[in-house]
Amino acid sequence: MSCEGKEPSSPEKEKSARNWKFGMFKDVPVSTVVKTVSLWTCFFSIAFPDSVRGPTFLDVRDAVGISTQEMSYTFTFTAMGGLLGCLAGGLILDRFSPASRHVIIFMCGCFVAVCSALLPFSWNLHAILGNSLVLGFCNGLFHTCANIVFLELWRGYNSSPAMYALHFSYGVGSLLSPIVAKPFLSKSDDQLAVEGSDIDLAENILADNTTAQNISQQFSANQSHVEGLSVKLLFPLLGVQLVVMVLPHLFFFYSDRRSLVNGKEAESSLEVEEDRVKMSSVQKLTLLVLMFLLYFCFSGIEISYRTFISTFTVSIGNSRQVGSDVTALFYLSFTLVRGLAVPGGALLSSSTIMWSSQALCLVGAVILSVWAASSFLAIQIGTLCIGAGSAFLFPAGILWLKDSIIVSSRVGALLIFAMNISAQIYCIFIGYVIDQQPIYFVHLMTVTACSALLIFFACSSLLLYIRKTERKRLEMSL
């Protein structure tokens with residue numbers, strides 16, 4: 001019996017009054033809107049201590065007093081901690097109430113803030129590795145818990161625009177992080193020597209003039225100012241802003257707990273779902289293994305590139321500031337494309353986005369492999385291509401998989417697990433070769449982009465075969 005045109009009852013009117021009225025939040029409860037916006041700001045905030053480690057790699061290395069290869073181990077330990085945090089989230093989060101998960105988000109955010117603030121103050125290699133392990137664990141648990149909270153908030157609603165916006169928020173923070181870090185970066189010894197020689201020349205030319213003394217005093221003041229803005233100030237500031245951003249989740253915890261105490265039951269429009277494509281357990285396992293390998297490659301392209309492109313740029317003869325600018329260029333294209341995904345994701349299928357994104361990554365990697373050693377323009381163009389191509393990979397892959405099977409928390413944990421394992425392996429290899437053979441870094445990106453395309457082709461072919469088989473079975477049954 002149709003309910004069209006029927007006047008809603010008073011409880012329905014009350015519920016409708018509490019819903020958002022326009023935009024991507026249309027018909028979504030206001031409480032869900034507020035919590036979603038808070039998650040956006042948290043992702044924006046946590047992107048700073050995460051993404052700033054690439055541009056500040058050499059400065060933190062100098063502050064701690066370790067080698068480049070030893071410093072690269074911090075990324076391995078961070079990835080290892082993230083892997084453990086992801087596994088812990090998969091094991092324990094189901095035992096916590098939805099309200100308690102807000103406390104986990106708050107506590108993990110605070111631990112990430114403290115560990116980030118203390119990172120450049122580590123007194124030796126073992127201290128910074130221990131710090132990185134704890135930071136990675138809390139970061140992995142934070143993202144796992146935040147994604148679960150987000151999916152629960154949006155059950156029964158169209159979550160695609162909000163999910164793209166969530167990743168866009170992280171991209172904005174990642175874009176701004178190298179820009180924010182740039183004033184805090186130290187100058188290389190060669191740059192300081194050149195500036196010092198310029199001052200000496202000015203003093204010789206104006207030896208009999210008081211202007212020489214003024215120039216020398218001005219240079220000393222500027223040098224003192226630069227020394228004040230160091231990574232030992234930057235990382236504590238980033239920690240403070242993260243603590244401020246996760247504070248609302250304490251309010252959400254108390255608010256949700258109060259609702260439960262007052263006897264209000266959580267409303268859910270979740271229905272029992274089944275896989276959209278009928279497949280055997282072996283076929284589903286094969287698809288998940290291929291997706292594991294695909295996300296392994298995604299992490300190798302996105303995380304490794306954004307982490308080491310600054311170091312690569314410096315290793316082939318550019319300054320640290322130029323390296324920071326290249327990282328900012330990556331995040332610029334990365335963020336702009338993710339921003340376009342919010343309104344444009346509804347116009348293109350997830351399959352089209354996956355193919356075009358991976359092809360763009362491959363084009364950028366090939367440009368770098370062929371011309372990066374001889375052309376700075378090639379580095380810029382390749383970085384723009386990889387930044388734009390990798391922007392869609394994680395969310396589009398989830399949406400593509402969601403069209404075929406249920407993306408449960410365990411499936412999500414499997415994909416994050418793949419990314420953390422990949423980050424460990426890639427960071428070990430890249431850290432080992434980037435000093436002596438930096439060009440191996442871009443060659444590795446090319447191999448990874450090719451592998452990702454081949455694996456996704458295998459995934460698409462498998463699903464096509466399963467659909468054809470199911471269609472034939474239905475035709476025969478008729």
Side-chain angles (χ1 to χ4, degrees), residues 39 42-54 56-57 60 71-93 101 104-119 122 128-150 166-167 170-171 173-174 177 235 238-239 242 246 291-308 390 393-395 397-398 409-431:
L39 286 173
C42 287
F43 269 63
F44 168 79
S45 181
I46 204 168
F48 282 94
D50 185 19
S51 303
V52 81
R53 297 182 67 189
T56 60
F57 178 91
V60 175
M71 184 63 192
S72 69
Y73 295 156
T74 61
F75 294 111
T76 303
F77 274 70
T78 302
M80 187 185 304
L83 185 148
L84 295 175
C86 174
L87 291 178
L91 292 174
I92 68 173
L93 286 178
R101 290 171 185 167
I104 295 177
I105 292 176
F106 171 75
M107 293 182 65
C108 287
C110 289
F111 272 105
V112 170
V114 171
C115 291
S116 298
L118 296 177
L119 192 72
S122 303
I128 196 172
L129 292 182
N131 182 304
S132 299
L133 184 67
V134 176
L135 188 151
F137 178 87
C138 296
N139 203 358
L141 184 56
F142 174 90
H143 283 281
T144 303
C145 185
N147 278 287
I148 290 175
V149 169
F150 177 83
L166 185 71
H167 291 279
Y170 186 89
S174 300
S177 60
F235 279 84
L238 297 180
L242 177 56
V246 296
M291 290 301 297
F292 179 93
L293 296 175
L294 186 62
Y295 271 75
F296 184 94
C297 293
F298 287 174
S299 176
I301 296 172
E302 178 191 337
I303 298 177
S304 300
Y305 191 83
R306 78 185 188 197
T307 300
F308 284 101
S390 61
L393 293 180
F394 183 85
I398 294 288
S409 57
R410 291 186 178 182
V411 172
L414 175 70
L415 301 181
I416 298 175
F417 181 86
M419 298 187 74
N420 279 281
I421 285 287
S422 174
Q424 286 183 324
I425 295 174
Y426 274 80
C427 285
I428 290 175
F429 178 77
I430 295 171

Approximate separation, where rounding is to 0.5 Å, of [X] [atom1] and [Y] [atom2]:
X: Phe77; Y: Ser72; atom1: CZ; atom2: OG; answer: 11.0 Å
X: Tyr305; Y: Ile430; atom1: OH; atom2: CD1; answer: 11.0 Å
X: Tyr426; Y: Phe296; atom1: OH; atom2: CZ; answer: 5.5 Å

Heavy-atom side-chain contact between [X] and [Y] under 4.5 Å:
X: Val60; Y: Arg53; result: no
X: Phe308; Y: Phe75; result: yes
X: Ile421; Y: Tyr295; result: no
X: Phe292; Y: Leu415; result: no
X: Ser422; Y: Phe298; result: no

Would you list the atom pairs, donor with acceptor, under 3.5 Å between side chains in residues 128-141 and any protein atom, with sequence neighbours excluded?
| residue | atom | partner | partner atom | Å |
| --- | --- | --- | --- | --- |
| Asn131 | ND2 | Cys115 | O | 3.1 |
| Ser132 | OG | Ile128 | O | 2.8 |
| Asn139 | OD1 | His143 | NE2 | 3.1 |

Sequence neighbours excluded, the answer for side-chain hydrogen bond (donor to acceptor under 3.5 Å, both in side chains) partners of Ser116 is none
Side-chain donor-acceptor pair present, Ser390, Arg306, cut-off under 3.5 Å:
no
Check: For Phe111, does the CZ atom have more than 12 heavy-atom neighbours from other residues, nucleotides or ligands under 6.0 Å away?
Finding: no
